Each structure stands twice: as C-alpha cells, then as structure tokens.
Amino acid sequence: MLSFAYQSAPQKSQNQPGSNNKNKYYKYKRDRSNLLIGTNSDAVSGWIVLASFFYVHENYLLSLDIINHALRKCTSEKIYPWQVCLNQNQEYLLYLLKQRELCTILKTITVKCPKFHQNSPISAQELQLNEFEQVLNLHPMIFAHFLSFLCYYHLHEQRSCKQSLLQLRQITMQLLTTYRSLTFHDTLSFICLGIAHQMIGDKYSARQCFLQATQMDKYNITSAAMRLANCNVD
C-alpha cells in the first residue's frame, strides 16, 4: 500500500505557475524517486507508470527499455486481478514460494492495472481523460504496447511503430476472446487502438475502433463516443 501511494503521489502534484527551472528539476527528481519506490507495488504496473513518466519527459529510449522490462514480467504464471481461479503454473509457483514472506510473493507474482488520475502530469497526452473518466484503469499489456507505439512514433521509427501497433491489435483481440466479461478493459483497449490508427493517418480503422468501443461503453463512462465524433468530423 505504501509503494502504491508513492506511485500515485506524482500524479496529484502539478508544476506551480511561474516555476523556474530549478523548481521543475527538483520536482522531476522527486517524482522520479517516488515512482521508483512505486515499482515495489507489484510485478509490473509500477514499471509501466514509470515508463509513462519518462515518455512524458520525452525520454523515449529509456521509456522503451522499461516497457520491455515490464513486458518480460507479464508471463503465464503471474496472477491478474480479473482472474477467477489459478492455473496449474500459478499453483505450482505458489507451492515453490510458500516459505517466502507474503509481501514478497505478492510483489513477485501479482500484476495489477496501472492507474492514471484525471489531469495526471505523468499520463500520455494522447490518453488524457475527459470529464466522465476520473481514473484510467488500463490493462498492463495494452498500455505497454500502446506506450511503445507512442515512443516509436515520436522517434520516427516507422517499422517499429507498425510492429507495436500490430502487437497492440493482437493482444486486444486476444483479450476480447479470452475475457468476454471485461467490457471496460475491452473498451479502453479499442480506444488505444483507435488513437494509434488515428495518429498514423488511418482514419477508417480509427473510426472502426472508436465505434466498437462506443458499442461496448453502454453507460458512456469513457471518451469513446467523443473520440468517434471528433474522428467523424476530421
């Protein structure tokens, strides 16, 4: 809980109007230190939030390194919060770790969703929330591949950018067929996919993704309908 608090603290602090470079640099170092402590909250989400922090500060290569580190931790034996029961690999891992402390086990095998608050200064501008979305609760692998796409996009590495987009699409469709009850995660996944298509100029695919997300968002609690409307205007 303490690690998660450190992970959340930088999202609630804003630069003061008229802050000089020294104050901004102090805030940068403080937020970075807090987020490093926040990586102890679980196996993956803290690293992804840290990667988002470096992305916002345009340190794309370091962000990609952290994303790849996080993705290597998204293995089959990890326990995700939306799972109903444990699989055989997870049960065997728990058996091997039963002599370890509980907090160590939880950090090692648990994967939570990275969360970004409204107007979070460490959230990608492309995913800024609207007035309906108070907290962005993203599937860790979806956000990791989406953030990779954004990094490669700004680095002008078209081949890697397209590869990240392909991986984002594949994991979105995989989640859609595996966890049919997770409509909120599916909605956010299609929003990320739509944003990516929109950024590379594929307006047709972007509209299809936003339309799919809108149909899933029965209570209009995401930005899907707004993004679809804006895409149609463009």
Side-chain angles (χ1 to χ4, degrees), residues 3-15 21 24-75 78 107 111-129 133 135-172 175 185 188-189 191-200:
S3 297
F4 183 75
Y6 275 101
Q7 186 185 122
S8 301
Q11 302 196 47
K12 300 176 181 179
S13 61
Q14 304 284 343
N15 281 322
N21 290 335
K24 290 180 180 178
Y25 181 64
Y26 172 77
K27 181 182 182 302
Y28 171 87
K29 291 177 60 179
R30 182 189 62 205
D31 289 348
R32 183 185 61 187
S33 297
N34 286 340
L35 291 172
L36 282 169
I37 297 173
T39 60
N40 293 291
S41 59
D42 71 316
V44 172
S45 68
W47 290 107
I48 295 178
V49 173
L50 181 63
S52 182
F53 167 80
F54 284 115
Y55 168 78
V56 169
H57 287 280
E58 301 181 4
N59 196 336
Y60 304 126
L61 293 177
L62 180 54
S63 181
L64 285 167
D65 285 341
I66 296 172
I67 292 167
N68 291 330
H69 173 71
L71 284 173
R72 285 194 292 269
K73 290 176 171 287
C74 292
T75 49
K78 296 296 190 299
K107 176 190 171 183
V111 176
K112 298 179 181 178
C113 296
K115 294 183 179 181
F116 294 95
H117 303 284
Q118 194 172 44
N119 300 319
S120 169
I122 64 171
S123 172
Q125 182 63 36
E126 294 83 357
L127 267 178
Q128 285 297 315
L129 308 177
E133 298 167 323
V135 176
L136 197 60
N137 195 359
L138 288 154
H139 187 285
M141 294 185 68
I142 290 293
F143 184 65
H145 287 302
F146 179 65
L147 198 58
S148 292
F149 166 84
L150 293 177
C151 290
Y152 286 124
Y153 177 85
H154 291 292
L155 288 169
H156 306 290
E157 296 190 16
Q158 295 185 2
R159 184 175 180 178
S160 297
C161 191
K162 291 180 179 179
Q163 182 64 28
S164 292
L165 179 57
L166 178 61
Q167 291 174 323
L168 177 60
R169 173 174 287 278
Q170 287 176 341
I171 191 66
T172 297
L175 291 172
H185 289 294
L188 294 178
S189 299
I191 289 176
C192 289
L193 192 58
I195 293 171
H197 280 296
Q198 194 173 27
M199 290 177 66
I200 63 173

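These numbers were taken from a predicted model, which means no experiment stands behind them. For this chain, numbers begin at 1 and follow the sequence in order.
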Worksheet item: Going by heavy atoms in the side chains, are K112 and V44 under 4.5 Å from each other?
Response: no
Worksheet entry | Nearest-0.5 Å distance, CD1 of residue I195 to CG of residue L168 | 10.0 Å
Worksheet item: S120 side chain to F116 main-chain N or O, any donor-acceptor pair under 3.5 Å?
Response: no
Worksheet item: Taking the inter-plane angle between the rings of F146 and F143 on a 0 to 90° scale, is it parallel (under 30°), tilted (30 to 60°) or perpendicular (over 60°)?
Response: tilted
Practice prompt. Looking only at non-hydrogen atoms, find the nearest pair between S148 and I67 and report the distance.
Written response: OG-CG2, 3.2 Å
Worksheet item: Taking side chain as C-beta onward, heavy atoms only, is L155 less than 4.5 Å from L61?
Response: yes
Discussion item. Donor-acceptor check, side chain of H139 to backbone of M141, threshold 3.5 angstrom: yes or no?
Written reply: yes
Practice prompt. Given side-chain contact (heavy atoms from CB on, under 4.5 Å), test Q163 with Q158 step by step and report yes or no.
Written response: CA-CA 9 Å; Q163 182 64 28; Q158 295 185 2; over 6 Å; no
Worksheet item: How long is the gap from OG on S189 to CD1 on I171, to the nearest 0.5 Å?
Response: 8.5 Å
Discussion item. Test side-chain contact (heavy atoms from CB on, under 4.5 Å) on T39 and L50; report intermediate values, then the result.
Written reply: CA-CA 8 Å; T39 60; L50 181 63; 4.3 Å; yes
Item to complete: Starting from the C-alpha separation in whole Å, work towards a yes-or-no answer on side-chain contact (heavy atoms from CB on, under 4.5 Å) for S41 and S45.
Response: CA-CA 8 Å; S41 59; S45 68; 3.9 Å; yes
Worksheet entry | Between CD on residue Q11 and OG on residue S52, distance to nearest 0.5 Å | 8.0 Å
Discussion item. With a 6.0 Å cut-off on the ring centroids, do F149 and H145 count as close?
Written reply: no
Item to complete: State the CD1-CD1 distance between I142 and I48, to the nearest 0.5 angstrom.
Response: 10.5 Å
Practice prompt. Give the C-alpha distance, both sets of side-chain angles, the deciding distance and a yes or no for side-chain contact (heavy atoms from CB on, under 4.5 Å) between N34 and R30.
Written response: CA-CA 6 Å; N34 286 340; R30 182 189 62 205; 4.0 Å; yes
Fill in: Main-chain N/O of I37 paired to N40 side chain as donor or acceptor, under 3.5 Å
yes
Discussion item. Please check if the number of heavy atoms outside Y26 that lie under 6.0 Å from its OH is greater than 12.
Written reply: no
Discussion item. For a 4.5 angstrom cut-off between non-hydrogen side-chain atoms, does L147 reach L64?
Written reply: no
Worksheet item: Taking atom OH of Y6 as the centre, does the number of heavy atoms from other residues, nucleotides or ligands within less than 6.0 Å exceed 12?
Response: no
Item to complete: Quick one: pull up CH2 in W47 and NZ in K73 and give me the separation to the nearest 0.5 Å.
Response: 7.0 Å
Worksheet item: Can you tell if the side chain of K27 reaches within under 4.5 Å of the side chain of R32, non-hydrogen atoms only?
Response: no
Practice prompt. Answer yes if the side chains of E126 and Y153 hold a donor-acceptor pair under 3.5 Å, and no otherwise.
Written response: no
Practice prompt. Would you indicate whether the side-chain heavy atoms of I200 and L165 approach each other to under 4.5 Å?
Written response: yes
Item to complete: For the residue pair S63 and C151, establish whether any side-chain heavy-atom pair is separated by less than 4.5 Å.
Response: yes
Fill in: Separation between CG of L62 and NE2 of H57, rounded to the nearest 0.5 Å
11.5 Å
Practice prompt. Report yes if the distance between the aromatic ring centroids of F54 and Y60 is under 6.0 Å, otherwise no.
Written response: no
Worksheet, complete the sentence: Of all heavy-atom pairs linking P10 and P121, the shortest is O-CG, 3.3 Å
Practice prompt. Measure the shortest side-chain to side-chain distance between L138 and C113 over non-hydrogen atoms and say whether it is less than 4.5 angstrom.
Written response: no
Practice prompt. State, with a plain yes or no, whether a side-chain heavy atom of H154 is found less than 4.5 Å away from one of Y55.
Written response: yes
